[in-house]
*Asks:* 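One structure is given below, represented as structure tokens, and several questions about it will come after.
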Amino acid sequence: MSKVQTLPATVGVGPENVTGCKIRRRRHGIYEIAYEDDTSTPQLLSVHPFLDAFWQIRESAPYAQALVTDMVKLAPGAFVTYMMTTVWRSISSAINIYFLSLLFNLLDDSFTSGRLIPEAYRFVALSWVSCTLIGLVVDRMNARSNDDLCNQLKVHFLPQLIGASLRVDLFSMEDLHTFFPLMLRFESEVPGVLFLQELTQLTRSILVLSSQVVVILHAISFKRSPDREILMFFCLAHPLIRWLTPPNGIGSSAYVYWTDNQHFKRMKALFGLTFSHQYRADLMLDGITSSIESEYKQSAEQLVHVTDTEPFPWVSGLRRSWYWDLCVCITLDLPLAVYALMLPTRLSPSSITSMALLQQATSALALSLGECGENTSSLRSLCSQAKWLYDAIDYQSIVPQGMGPYPCPNGSDKGMKISFRAVTLRYPGSSHDAIQNMTFDITPGQLVLIVGGNGSGKSSTLKLLARLFESTAGEILIDDQPLISYDIDQLRATMSFLPQSPAIYPASVKENICLSLPPTLEISDEQVERAAQMGGCSTWISRLDDRYETQLQPSFDIEGWAEGIFGAVSEGLKKELARHKVQRTSISGGEKQRLAASRTFMRLNNRETRLVVVDEATSALDPVTEQNILSEFRGSRSGKTMIFVTHRFHHLAKDADQILCMKDGSVIERGTHNDLIQADGEYAKLYNAQAA
Ligand SMILES: Nc1ncnc2c1ncn2[C@@H]1O[C@H](COP(=O)(O)OP(=O)(O)OP(=O)(O)O)[C@@H](O)[C@H]1O
């Protein structure tokens with residue numbers, strides 16, 4: 001039995017001081033939980049969910065206020081209708097209790113006085129039914145205003161979030177603290193809507209609870225003593241206990257959790273392998289499909305007696321101490337039991353109506369208190385939702401933006417000039433430098449070849465040039481000005497990068513070729529066909545059913561089905577859905593590279609380009625196509641600096657004005673092919689290895 005199996009399901013561990021605040025640890029099955037020990041909050045308050053939450057939301061409350069103000073501005077009518085109808089829906093259960101108590105009081109009076117007043121009963125009945133009918137209309141108005149509000153929020157916030165998400169640079173993406181980019185579920189997730197839902201829930205819970213308490217106390221006040229006092233005590237005992245009970249074993253603190261359990265990790269990995277479509281072909285080819293099941297079973301058996309359900313904050317996840325649960329149960333059911341015990345000695349119509357009222361009141365209160373308990377933990381999330389939204393919209397990239405225009409007037413018309421001065425790059429979270437103290441110059445119009453072994457830093461050099469990453473030390477100059485001084489969008493518009501694994505977008509072949517051009521530019525079919533020909537994909541495109549209009553994978557189609565309330569989706573419905581599915585074509589690695597090359601040629605032919613970078617972009621091509629594409633690039637050299645990164649550099653070496661040979665993040669040799677062959681160093685070794 002492994003060490004973790006001998007641990008009890010939930011264990012508390014003493015506080016530990018990490019970075020100034022006390023971190024408490026607790027074990028929950030295979031999980032280790034850490035949470036902050038907030039000793040600044042008095043003990044009573046720390047178990048008091050409402051006040052506890054209040055302390056923690058102070059920082060983000062202004063954002064919540066701003067979001068509500070924005071909603072009012074965006075759709076004043078819909079917002080007011082939504083909130084008013086929410087108020088009505090919240091107090092409807094209290095209204096029911098109110099009418100019930102009116103009815104009981106009438107019954108009480110009738111039994112005591114022996115006189116029935118039919119008008120009074122009629123009035124109660126009619127008013128009750130009217131309120132129910134109003135409720136029906138209110139429900140519809142609530143749903144309608146909710147839809148209106150959601151539409152407005154989507155139109156207002158989604159474009160801003162898209163803009164903000166696109167501002168996240170690669171450097172920030174690798175930083176663990178960056179909360180972008182996010183993938184919203186396009187059809188259903190509307191920014192701000194979760195906030196609205198939680199706001200509604202909270203308003204509802206508070207209103208339901210307070211209106212019920214008011215109505216119950218009002219109804220009880222008509223009872224005679226000692227009925228009145230007994231009812232009041234029992235009605236208040238349960239809410240009071242619920243109020244004091246901590247929501248779970250930790251309280252309302254936030255926490256993080258993780259597991260080091262090797263069996264569990266193994267099971268998760270095997271589970272992922274089994275159910276992810278992407279691994280299936282490799283699993284079959286590697287012949288390990290049959291062993292996965294038995295391996296999973298072996299690991300699962302090791303954990304058969306250990307809790308591995310995630311430590312969710314609600315009671316069933318992180319259990320609180322048993323005596324709190326006992327108090328909650330007893331105060332819920334005890335009142336009726338005690339009342340029942342007392343009935344034989346003092347049976348009267350009044351005690352029967354009191355008992356019915358008590359039953360109705362305690363169950364309604366228990367229900368709304370339960371809801372309220374769940375919602376207090378979301379009070380913090382309500383405010384942090386709003387904070388997240390505004391923080392996201394205001395997101396500023398870690399990489400600072402320059403202001404200088406590019407190209408600058410004094411730049412050479414032969415192409416881009418590039419200078420690296422003692423440049424070093426260490427990726428975020430990495431323990432070693434990918435580029436070390438690198439210095440070189442590329443003059444305008446040069447054709448440069450960068451060669452070197454795997455991991456020597458060739459691609460990293462290019463990423464620095466495009467400012468996808470920021471150098472850790474040193475300086476990069478473009479046309480003698482610091483790279484960081486230029487407006488990065490203008491600079492990138494004059495660069496054309498052709499990577500090894502280009503992205504193929506879920507669009508048509510033609511759109512994929514024309515993608516990097518301004519949408520305002522008029523493009524003729526001849527221009528597209530010319531670019532396709534230069535990239536070597538005309539023959540492939542001519543074989544496609546819809547030629548340039550063929551839609552390519554991946555697909556972002558919108559399709560779905562719902563099983564409905566009473567039935568499964570029939571074959572007929574499935575066929576109907578299939579009829580509306582857009583047929584998309586998958587393409588091979590080599591075809592991708594050809595298509596991306598065509599995109600680059602389209603750009604070169606139609607936009608001012610001062611730098612062309614080709615990074616292992618022909619590795620999947622057959623030698624003839626590779627030669628053709630490379631000679632097309634050479635033919636487009638005029639006015640451009642060109643950098644080629646390739647392991648197969650034989651046919652380019654003699655044309656290169658300069659070759660940079662890299663090793664371990666540094667340029668170790670630099671010169672023309674003849675210089676480097678004569679030097680008989682690293683480059684000569686690589687070249688001769690290819691020739692052999
Ligand atoms: N995003 C990244 N985060 C952390 N380290 C990285 C990242 N990208 C590259 N590296 C590391 O930087 C070093 C240089 O990688 P780079 O991709 O620049 O090499 P390369 O010469 O282009 O290699 P190859 O010929 O295999 O494409 C390697 O050690 C690599 O693991």
Side-chain angles (χ1 to χ4, degrees), residues 167-181 397-399 418 420-440 442 447-474 476 483 488 492 495-503 589-590 592-593 596-597 600 611-621 626 629-630 642-653 656 658-670 676 681-690:
R167 282 199 295 277
V168 182
D169 50 86
L170 291 186
F171 192 80
S172 314
M173 268 175 153
E174 300 220 349
D175 177 4
L176 288 179
H177 296 103
T178 302
F179 47 90
F180 260 122
S397 163
I398 295 177
V399 176
I418 299 162
F420 272 51
R421 298 276 172 267
V423 172
T424 295
L425 167 68
R426 178 172 293 196
Y427 286 103
S430 174
S431 57
H432 67 280
D433 293 335
I435 300 285
Q436 280 175 4
N437 200 22
M438 189 150 82
T439 299
F440 64 83
I442 297 177
L447 192 156
V448 178
L449 190 59
I450 305 184
V451 299
N454 292 126
S456 55
K458 303 180 295 294
S459 300
S460 301
T461 308
L462 305 180
K463 287 180 196 165
L464 283 174
L465 255 184
R467 275 196 89 192
L468 296 183
F469 286 90
E470 207 66 351
S471 58
T472 326
I476 300 170
L483 171 61
I488 191 63
R492 282 188 193 139
M495 297 174 165
S496 195
F497 277 81
L498 186 53
Q500 181 177 11
S501 309
K592 268 187 198 171
Q593 288 195 337
T600 306
L611 174 69
V612 177
V613 176
V614 182
D615 183 6
E616 279 292 339
T618 52
S619 56
L621 301 182
E626 184 181 26
I629 290 181
L630 290 178
M642 289 202 167
I643 303 177
F644 289 86
V645 171
T646 172
H647 291 293
R648 294 193 293 186
F649 52 88
H650 227 77
H651 37 272
L652 270 175
Q658 181 178 199
I659 296 170
L660 305 177
C661 180
M662 295 189 65
K663 191 173 183 184
D664 298 334
S666 303
V667 176
I668 50 165
E669 288 167 24
R670 195 150 81 89
L676 299 184
E682 185 70 18
Y683 174 81
K685 222 185 325 176
L686 289 170
Y687 185 83
N688 293 332
Q690 271 189 63

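Indexing begins at 1, ligand by ligand and atom by atom, following the structure's order. Just so you know, residue 1 is the first one in the sequence shown, and it goes up from there.
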*Asks:* What are the two closest heavy atoms between Lys592 and Pro502, and how far apart are they?
*Replies:* O-CG, 3.8 Å
*Asks:* With a 4.5 Å limit on heavy-atom distance, are the side chains of Leu611 and Ile418 in contact?
*Replies:* yes
*Asks:* Under 4.0 angstrom from ligand 1, any heavy atom of His647?
*Replies:* yes
*Asks:* Which is closest to atom 19 (O) of ligand 1 by heavy-atom distance: Ser431, Ala434, Gly457?
*Replies:*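 Shortest heavy-atom distance from atom 19 (O) of ligand 1: Gly457.
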*Asks:* What I want to know is whether Phe469 and ligand 1 share at least one N or O pair that is separated by under 3.5 angstrom.
*Replies:* no
*Asks:* Measure the shortest side-chain to side-chain distance between Ile450 and Met662 over non-hydrogen atoms and say whether it is less than 4.5 angstrom.
*Replies:* yes
*Asks:* With Phe497, which residues qualify under ring pair (Phe, Tyr, Trp, His ring centres under 6.0 Å), at least two apart?
*Replies:* none
*Asks:* Is the shortest distance from a heavy atom of His432 to ligand 1 less than 4.0 Å?
*Replies:*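 Within the 4.0 Å threshold, so yes.
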*Asks:* Taking Lys458 for the side chain and Gly452 for the main chain, is one N or O donor matched with an acceptor at less than 3.5 Å?
*Replies:* yes
*Asks:* For atom 22 (O) of ligand 1, which of the options Ser460, Gly665, Ser459 provides the nearest non-hydrogen atom?
*Replies:*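 That would be Ser459.
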*Asks:* Could you pull out all residues at least two apart from Phe644 that satisfy ring pair (Phe, Tyr, Trp, His ring centres under 6.0 Å)?
*Replies:* none
*Asks:* Would you check the N or O atoms of Gln500, main chain and side chain alike, for any that come under 3.5 Å of an N or O of ligand 1?
*Replies:*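 No; the residue has no nitrogen or oxygen that sits under 3.5 Å from a nitrogen or oxygen of the ligand.
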*Asks:* Non-hydrogen atoms of Ser456 versus ligand 1: any pair closer than 4.0 Å?
*Replies:*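 Within the 4.0 Å threshold, so yes.
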*Asks:* Looking only at non-hydrogen atoms, which of Ile435, Ile450, Asn454, Leu464 approaches atom 24 (P) of ligand 1 most closely?
*Replies:* Asn454
*Asks:* For Gly453, is the nearest heavy atom under 4.0 Å from an atom of ligand 1?
*Replies:*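 True for this residue.
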*Asks:* Do the non-hydrogen side-chain atoms of Phe420 and Leu464 ever get within less than 4.5 Å of each other?
*Replies:* yes
